[in-house]
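Naming: A, B, ... by sequence-line order, numbering from 1 per chain.
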Amino acid sequence: MSNTPHEPTNSPSDAAPEVRPLNFIEQIVEQDNAGGKWGVWADGPAKGLAKVQTRFPPEPNGYLHLGHAKSICLNYGLAQKYGGKFNLRFDDTNPAKEEQEYVDAIKDDVRWLTSAFGGSFDSGPNAGGLYFASDYFGKMYEYAVALIKTGHAYVCELSAEEVAKRRGNPSVPATSPFRDRPASESLKLFDEMRRGVHADGSMTLRAKIDLASPNFNLRDPVLYRILHEHHHNTGDAWCIYAMYDWAHGIEDSLENVTHSICTLEFENHKPLYDWFMRAINDAVEVEGKRGASKLGAGSTSIGGSGPVGTEGRVVWHSQQIEFAKFKPTYTLLSKRNLLKMVQEKFVSGWDDPRMPTLRGVRRRGYPASALRAVCEDVGVTKVESVIDVTRIENAVRDVLNRTAPRAMSVLRPVKVVIENWPAGHVEMLDFVIMPEDSNAAEGGNAKPAQTRKIPFSGTLFIEQEDFMEVAPKKYFRLAIGQEVRLRWAYFIKAISVVKDASGNITQINATYDPATKGGDAPAGPNGEPARKVKGTLHWVSAEHAVDAEVRLFDRLFKTEEPGKATGEWKDDLNPNSLEVVRAKIDPHLTSAKVGDTFQFERLGYFRVDEDSKPGAMVFNRTVTLKDDWAKQVGKS
RNA sequence: UGGGGAUUGGUGUAACGGUAGCACGACUGACUCUGACUCAGUUAGUCAAGGUUCAAAUCCUUGAUCCCCAGCCA
């Protein structure tokens with residue numbers, strides 16, 4: 001390709017690749033990087049590069065779902081884009097709800113999803129590592145003591161009910177009779193709380209902020225509650241546990257997180273997040289002056305010659321940024337309700353292929369890269385938007401179309417007998433596994449189509465809906481007297497049907513044209529154009545086909561926003577979200593392994609399910625192919 | 001009734017005082033040995049009303065609608 005110098009330089013071939021505009025978080029990151037706000041990486045391959053440290057902080061009290069996928073992709077994507085690090089951090093501060101089972105599942109899910117970025121939290125250039133809030137319990141306790149000493153916190157002996165009663169309202173301030181007790185007294189009680197002297201619920205450590213604040217989060221929030229619970233990580237070492245607001249900023253600080261990204265409902269918590277970090281900085285400075293350097297910045301300082309934290313202080317103070325959740329239509333995405341669906345057996349488990357959990361969609365056959373693509377596609381904003389689920393399905397189709405080998409299987413079989421086929425004869429025909437990639441073809445990189453052999457005989461199965469005795473207008477499929485192509489095989493024409501007592505078609509009798517072998521009619525002897533046919537059907541040879549179970553999924557809910565109308569999502573459950581059929585599949589598929597995904601031509605994408613056993617395969621329909629004909633039929 | 005957010009075609013998202021653009025969908029058509037894929041075209045929008053300005057999606061005022069907040073959950 002030669003470029004003529006006279007031509008404008010914006011021809012498609014040399015135009016700059018179309019770049020997506022930066023989302024608002026990327027804009028913040030780039031401004032921070034340009035201003036040197038967070039300093040640079042001190043060592044490692046990114047040495048000298050502006051520091052970008054993100055994290056995904058799940059609570060291990062449930063399974064990850066599509067909503068979490070957006071957060072993971074955002075945080076991992078940022079780390080990757082700016083040469084930074086991504087941490088997986090378990091926010092395990094409430095042992096009453098958390099379990100090891102969830103920790104293991106979440107690690108596995110994050111690994112799976114981030115494989116779409118070519119890495120994970122513990123592998124690849126952006127691996128920041130695995131962390132637990134519970135590893136920081138000691139530091140959190142030290143900081144809490146420092147806050148008490150500096151008059152920023154006190155032990156409150158009000159019961160939960162009393163606190164609620166005294167919470168006040170927008171115009172009436174809250175109250176606590178313990179607010180002004182001396183620090184020495186709080187210190188003593190807090191120590192007792194820690195040592196297990198006091199019962200659950202008998203007292204809390206509260207921050208001394210503003211009982212009259214219109215933001216209720218600032219009305220002296222609880223830092224610690226007493227919980228005599230066994231913790232999956234720390235066992236029985238603690239019986240007081242930090243609350244989210246107290247714990248989270250410290251976790252971010254200890255990991256030198258630069259951008260602490262969370263969802264919109266935490267916007268009201270940001271003043272508290274920042275208040276705590278300033279209070280800790282105050283306390284640490286005071287301690288430093290006293291010469292008691294136990295609280296010294298240590299690992300939490302940025303160090304080196306770079307700037308020091310957002311507030312110009314000693315202890316790292318991350319920046320909280322909020323974005324809108326991922327909310328697909330026809331889907332429920334709250335851990336509480338998903339748990340209920342599992343417990344009340346509306347689904348078979350957390351990994352039911354109809355579930356919007358990462359495990360569910362993975363089992364169904366959604367590729368991680370498709371999820372990444374959707375997240376990229378919908379963008380990141382503070383607008384609470386609703387995403388059409390079909391966008392996810394389209395992203396899945398887009399990936400699978402490029403990656404899934406083709407096969408032919410018949411979901412709802414009806415027998416076809418080729419009357420003029422030589423009795424007992426079996427012919428092996430070429431079947432194209434992967435069509436040429438038309439995208440690649442444009443770039444001149446078309447990979448030649450690969451083929452394998454499939455058996456053809458005089459008795460076949462085709463799809464019931466591919467035959468009608470009388471073809472309506474625009475029906476291109478098989479009908480009496482109407483000729484169609486059997487994919488990669490022959491043209492056939494239906495002659496007659498056999499019906500059972502109740503009028504159901506049990507057999508179609510047809511004839512084939514031997515001259516159309518491979519699926520094309522020859523040109524006429526005098527160069528006349530070859531005979532064309534409008535329809536092409538998928539098929540399997542009856543004596544070779546293998547029986548298999550195929551699970552067809554529909555959406556779990558009938559309405560775009562489950563529960564919107566009545567307040568109860570159970571009212572909107574789709575009773576027909578699962579259909580199981582006995583299909584006739586290509587014998588070649590019996591060698592497929594769990595997780596393998598195929599396109600069953602003209603039907604959709606299908607993944608071999610974990611329930612498969614030798615000789616009894618089970619396929620999940622991941623998603624159908626788009627179907628213009630069904631759309632037309634639906635309209636009329 | 002207090003505080004915090006948000007509002008651009010059907011949906012998602014750009015435009016940061018200077019031509020309202022992109023993607024998805026939908027619709028037409030082309031192509032096709034998958035009614036798929038691909039390709040071409042069409043469609044349709046600044047929450048409302050005032051104001052500032054040569055010029056407003058963008059700035060100001062007033063209002064509307066939606067979301068979040070009074071857990072010892074995260």
Side-chain angles (χ1 to χ4, degrees), chain A residues 18 20-23 27 57-59 61 91-94 96-98 156 158-161 163-164 166-172 174 200-206 213-219 221-227 240-241 243-245 247-248 262-271 322 324 329 335-336 377-388 390-391 394-395 397-398 401-402 406 408 432 435-439 441-442 474-477 485-489 491 518-520 532-538 599-604 624-632:
Chain A
E18 203 64 38
R20 170 179 64 74
L22 299 179
N23 64 48
Q27 290 181 25
E59 183 190 13
N61 68 343
D91 208 356
D92 53 352
T93 58
N94 186 357
K97 295 184 175 178
E98 297 153 7
C156 177
L158 253 23
S159 68
E161 300 74 47
V163 170
R166 290 163 171 267
R167 181 73 64 185
N169 62 47
S171 52
V172 178
D200 286 10
S202 59
M203 56 185 71
T204 58
L205 183 70
R206 289 228 254 167
S213 175
N215 180 350
F216 279 72
N217 293 127
L218 298 177
R219 309 258 270 211
V222 171
L223 273 64
Y224 275 96
R225 75 284 215 189
I226 302 173
L227 233 41
I240 57 170
Y241 290 93
M243 297 286 290
Y244 168 84
D245 288 302
H248 207 87
C262 61
T263 45
L264 250 28
E265 69 267 30
F266 290 100
E267 262 177 324
N268 292 331
H269 294 244
K270 181 146 65 181
E322 311 85 14
T329 53
K335 282 190 204 169
R336 215 181 104 248
D377 194 40
V378 303
V380 180
T381 67
K382 299 185 74 153
V383 185
E384 297 175 55
S385 48
V386 178
I387 306 301
D388 195 328
T390 59
R391 287 176 77 144
N394 283 333
R397 290 187 183 105
D398 189 51
N401 178 47
R402 283 181 275 114
R406 314 284 124 126
M408 290 197 290
V432 174
E436 252 182 24
D437 185 336
S438 50
N439 291 320
E442 286 200 358
K474 291 216 185 147
Y475 184 84
F476 303 146
R477 283 113 101 141
R485 168 168 41 234
L486 293 179
R487 182 113 158 122
W488 306 120
F491 286 8
D520 279 314
K532 291 268 188 190
V533 97
K534 289 289 268 183
T536 299
L537 309 185
H538 61 280
Q599 183 195 107
F600 290 177
E601 295 215 337
R602 301 211 307 134
L603 295 174
T624 61
L625 252 31
K626 277 194 205 160
D627 190 347
D628 274 352
W629 171 244
K631 223 189 284 183
Q632 278 186 54

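Defined by atom type and a distance below 3.5 Å, a donor-acceptor pair is present between the side-chain atoms of A:R485 and A:T536.
Contact record, A:R206 with A:R219: NH1-O, 3.5 Å, taken as the closest heavy-atom pair.
In terms of phosphate contacts, A:R487 brings no side-chain nitrogen or oxygen within less than 4.0 Å of OP1 or OP2 of B:rU32. For B:rU13, one of the phosphate oxygens OP1 or OP2 lies less than 4.0 angstrom from a side-chain nitrogen or oxygen of A:S385. Of the side-chain N and O atoms in A:R602, one or more sit less than 4.0 angstrom from OP1 or OP2 of B:rG35. Contact annotation: A:K532 does not reach the phosphate of B:rU32 (side-chain N/O to OP1 or OP2, under 4.0 Å). Between A:R225 and B:rC73, a side-chain N or O to OP1/OP2 separation shorter than 4.0 Å is present.
No engagement by A:R206 is indicated, since no non-hydrogen atom pair under 4.0 Å with the nucleic acid exists. Contacts of A:Q27 with the nucleic acid, taken as non-hydrogen atoms under 4.0 Å apart, include base atoms. Residue contacts for A:G535: at a heavy-atom cut-off of 4.0 Å it reaches no nucleic acid atom on any strand shown. Among the protein residues, A:D520 comes within range of the nucleic acid bases, having at least one heavy atom under 4.0 Å from a base atom. Within the nucleic acid shown, A:E322 has no heavy atom closer than 4.0 Å to any nucleic acid atom. Heavy atoms of A:T93 sit under 4.0 angstrom from primed sugar atoms or phosphate atoms, though from no base atom. Residue contacts shown for A:N61 are absent, as no nucleic acid heavy atom lies under 4.0 Å away. Within the nucleic acid shown, A:T381 comes within 4.0 Å of sugar-phosphate atoms alone, with no base atom in reach, counting heavy atoms only. Residue A:L625 is in base contact, counting any heavy-atom pair closer than 4.0 Å across all strands shown. A:K270 comes within contact range of no nucleotide atom at all, as no heavy-atom separation falls under 4.0 Å. In this structure, A:H538 reaches neither bases nor backbone, as no heavy-atom distance under 4.0 Å exists between it and the strands shown. Across all strands, A:Y224 comes closer than 4.0 Å to no nucleic acid atom at all (heavy-atom distances).
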**Fill in**
In B/S/- notation (B base, S sugar-phosphate only, - none; protein heavy atoms under 4.0 Å), nucleotides 1-8 of chain B written 5' to 3' is -BBSSSS-
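A side-chain hydrogen bond (donor to acceptor under 3.5 Å, both in side chains) with A:N61 is found for one member of A:R336, A:K335, A:E98 and no other, namely A:K335.
When the nearest nucleotides of RNA chain B are assigned to A:K626 and A:D398 by heavy-atom distance, the more 5′-ward of the two goes with A:K626.
Rounded to whole Å, the separation between the C1' atoms of B:rC39 and B:rU32 comes to 12 Å. Rounded to the nearest Å, the gap between the C1' atom of B:rC22 and that of B:rG9 is 12 Å. Taking atom P on both nucleotides, B:rA49 is separated from B:rA64 by 15 Å, rounded to a whole Å.
By the 4.5 Å heavy-atom criterion applied to side chains, A:N217 and A:P271 are not counted as neighbours.
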